[in-house]
Structure formats: C-alpha cells, structure tokens
Amino acid sequence: MTTWILVGIVVLFSVLIIIRNIKRNKNAKLQQANKDITDRAFAESLEQLGLKKNEIKLEINTSRLSDVWGSGVMAYEYEVDVNHRIIDDEFREELSLRMQEYAKKHGLNRYDDFPVFVVSDLWQEGNILRVDITYAVNEKTVNYLRDIHRVD
C-alpha cells in the first residue's frame, strides 16, 4: 500500500513539473514574440525620428524587465549607442507618438485604457540611450504600468 502511495506522489509531482515547464515555455515564446514586435516598433520609430543607421547602432541591446517583475509582463529595456546627445523635452513625446502610429499601422490592439506602447522610462548616459518600453497587451503588463505610475 505504501509503495502505491509513493508511486502516486512521484507521478503527481512529475505531472506538475511537466505542466509547469510547458507553461513556462509557452510564456517564454509569447514574451519573445512580443519583444520582436516591440523591437520592430522601436527601431522604426527611431528611424522616423531621424536617427539614421550611420548615427546610431540599430543593433538594439535589450533585456526583459519581466525577469524582475515576473512572467507575463511585456516590458523591455533598450540600450542604443548614439554618437550625440539626443534627448530633449520633446523626444519622449515624439517617440511615444511614433510608436502609437506604428501600432495603429500594424493593427496592434491595446489592453484597457493604456496606449499599445508606453515609454515608461528614458534617459541618456553619455552615448548610450536607455529606454524602457512596455507593450500593454495584457492585464499583468497594465498592472505593472499602474504600479510604476504610483511610484512616480
């Protein structure tokens, strides 16, 4: 009897681990697909703002902010190497506008009342432009945006 209980427990834990791994892989694929969409929107928006490939390195370095905030949050941090100072009061607004135009042009849907893409942070250190962009496509991401707005 005890052997069957142990076998049942081992089988149950094995099934739970398999289900967790399937869910994790599904989330990782969704995260990557949304990152690719955000990468293209960001790159096209930078080009529309006049940042030509000879002025910046468009090989965008990104990291997922979801590694900190949890899976399901579609937020990405970008580092772009530029050869001059580009940030002024209007840059963030213009970048946001271009990203929304990209979303509209490509039929991307938003979640709740948030814009499709939110430039949640932007700063420049020397020749490195750092931008946090959130793709507001699900409830977890919108909750993340609400949380960071409360902190600000």
Side-chain angles (χ1 to χ4, degrees), residues 10-83 86-88 90-152:
V10 169
V11 169
L12 178 65
F13 278 117
S14 298
V15 168
L16 291 175
I17 289 171
I18 290 169
I19 290 171
R20 190 186 83 196
N21 286 339
I22 290 171
K23 192 173 183 179
R24 185 179 293 161
N25 288 340
K26 181 181 173 186
N27 284 339
K29 286 179 183 178
L30 179 62
Q31 185 82 36
Q32 185 62 47
N34 287 330
K35 180 187 165 302
D36 292 343
I37 291 168
T38 307
D39 288 353
R40 287 189 299 274
F42 183 56
E44 186 174 306
S45 297
L46 287 179
E47 287 182 27
Q48 288 177 357
L49 288 170
L51 298 174
K52 306 292 183 213
K53 288 188 179 184
N54 61 349
E55 296 175 1
I56 63 171
K57 289 184 182 173
L58 269 181
E59 296 83 30
I60 300 167
N61 297 320
T62 65
S63 63
R64 296 182 318 190
L65 294 175
S66 66
D67 294 343
V68 174
W69 291 93
S71 67
V73 174
M74 304 302 162
Y76 309 95
E77 182 179 86
Y78 293 86
E79 293 180 2
V80 181
D81 192 359
V82 295
N83 65 8
I86 61 170
I87 294 182
D88 59 25
E90 297 174 8
F91 185 81
R92 183 179 189 152
E93 188 176 314
E94 284 292 319
L95 178 59
S96 294
L97 178 66
R98 299 288 182 239
M99 299 221 32
Q100 297 320 312
E101 288 173 356
Y102 180 94
K104 186 175 181 180
K105 177 175 142 184
H106 290 86
L108 301 177
N109 296 320
R110 67 184 185 164
Y111 184 89
D112 210 9
D113 291 333
F114 282 83
V116 176
F117 295 109
V118 176
V119 179
S120 43
D121 206 357
L122 177 101
W123 71 101
Q124 187 169 352
E125 296 173 338
N127 288 345
I128 302 295
L129 174 65
R130 299 181 190 278
V131 184
D132 292 352
I133 298 175
T134 306
Y135 181 17
V137 70
N138 62 23
E139 183 178 8
K140 285 185 179 183
T141 304
V142 168
N143 288 338
Y144 158 79
L145 286 169
R146 288 184 178 123
D147 287 346
I148 64 170
H149 281 118
R150 278 186 224 140
V151 172
D152 289 343

Chemist: List in chain and number order the residues that pass side chain to side chain donor-acceptor pair (under 3.5 Å) with Lys104, two or more places apart in sequence or in another chain; answer none if no residue qualifies.
Modeler: none
Chemist: Quick check for you: to the nearest 0.5 Å, what is the distance between Glu44 atom CD and Lys105 atom NZ?
Modeler: 4.0 Å
Chemist: Would you check, one step at a time, whether the test side-chain contact (heavy atoms from CB on, under 4.5 Å) holds for Leu129 with Leu122?
Modeler: CA-CA 8 Å; Leu129 174 65; Leu122 177 101; 4.1 Å; yes
Chemist: Search all heavy atoms of Val116 against all heavy atoms of Gln100 and return the closest pair with its distance.
Modeler: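 Result for this residue pair: N-OE1, 3.2 Å.
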Chemist: With sequence neighbours left out, what residues match Val11 under side chain to side chain contact (heavy atoms under 4.5 Å, CB included)?
Modeler: Val7, Val15
Chemist: Identify the two heavy atoms, one from Ala41 and one from Met99, that lie closest to each other, and give their separation to 0.1 Å.
Modeler: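 Heavy atoms of Ala41 and Met99 come nearest at CB-CE, 3.7 Å.
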Chemist: So which pairs with a foot in residues 108-133 pass ring pair (Phe, Tyr, Trp, His ring centres under 6.0 Å), sequence neighbours left out?
Modeler: Phe117-Tyr135
Chemist: For Asn138, check side chain to side chain donor-acceptor pair (under 3.5 Å) against everything at least two apart and list the hits.
Modeler: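 If we apply the side chain to side chain donor-acceptor pair (under 3.5 Å) test to Asn138, skipping adjacent residues, the hits are Thr141.
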Chemist: Under the side chain to side chain donor-acceptor pair (under 3.5 Å) rule, collect the residues that match up with Gln124, sequence neighbours excluded.
Modeler: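 Once residues adjacent in sequence are excluded, Gln124 has no partner under the side chain to side chain donor-acceptor pair (under 3.5 Å) criterion.
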Chemist: Return the set of residues passing salt bridge (Lys or Arg N to Asp or Glu O under 4.0 Å) with Asp121 (not counting sequence neighbours), or none when no residue passes.
Modeler: none
Chemist: For the residue pair Ala136 and Pro115, what are the closest heavy atoms and their distance?
Modeler: CB-O, 3.4 Å
Chemist: Carefully, step by step, assess Val80 and Val131 under the rule side-chain contact (heavy atoms from CB on, under 4.5 Å).
Modeler: CA-CA 8 Å; Val80 181; Val131 184; 5.8 Å; no
Chemist: Taking only residues two or more places apart in sequence, or in another chain, which ones meet Asp36 in a side chain to side chain contact (heavy atoms under 4.5 Å, CB included)?
Modeler: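 Side chain to side chain contact (heavy atoms under 4.5 Å, CB included) list for Asp36, sorted by chain: Gln32, Asp39, Arg40.
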Chemist: What is the minimum heavy-atom distance between Val119 and Arg92, and which atoms define it?
Modeler: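 Heavy-atom minimum between the residues: O-NH2, 2.6 Å.
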Chemist: Please name all residues satisfying salt bridge (Lys or Arg N to Asp or Glu O under 4.0 Å) with Glu94, sequence neighbours left out, ordered by chain then number.
Modeler: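 Result, salt bridge (Lys or Arg N to Asp or Glu O under 4.0 Å) vs Glu94: Arg98.
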Chemist: For the CG atom of Asn143 and the CD1 atom of Ile148, what is their distance to the nearest 0.5 Å?
Modeler: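 Result: 12.0 Å between the selected atoms.
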Chemist: Tell me if a side-chain donor or acceptor on Arg130 pairs with a main-chain N or O of Glu125 at a distance below 3.5 Å.
Modeler: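 It does not hold such a pair.
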Chemist: Who are the side chain to side chain contact (heavy atoms under 4.5 Å, CB included) partners of Asn25, not counting sequence neighbours?
Modeler: none
Chemist: Once salt bridge (Lys or Arg N to Asp or Glu O under 4.0 Å) is applied, do any residues pair with Glu93, and if so which ones, sequence neighbours excluded?
Modeler: none
Chemist: With sequence neighbours excluded, what pairs up with Thr38 under the side chain to side chain donor-acceptor pair (under 3.5 Å) test?
Modeler: none
Chemist: Within this structure, what is the CG-CD distance for the pair Leu97 and Gln48, rounded to the nearest 0.5 Å?
Modeler: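 The CG atom of Leu97 sits 9.0 Å away from the CD atom of Gln48.
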Chemist: To the closest 0.5 Å, what do you measure between CE (Met74) and CD1 (Ile133)?
Modeler: 15.0 Å
Chemist: Using side chain to side chain contact (heavy atoms under 4.5 Å, CB included) as the criterion, list what pairs up with Asn127, not counting sequence neighbours.
Modeler: Asp81
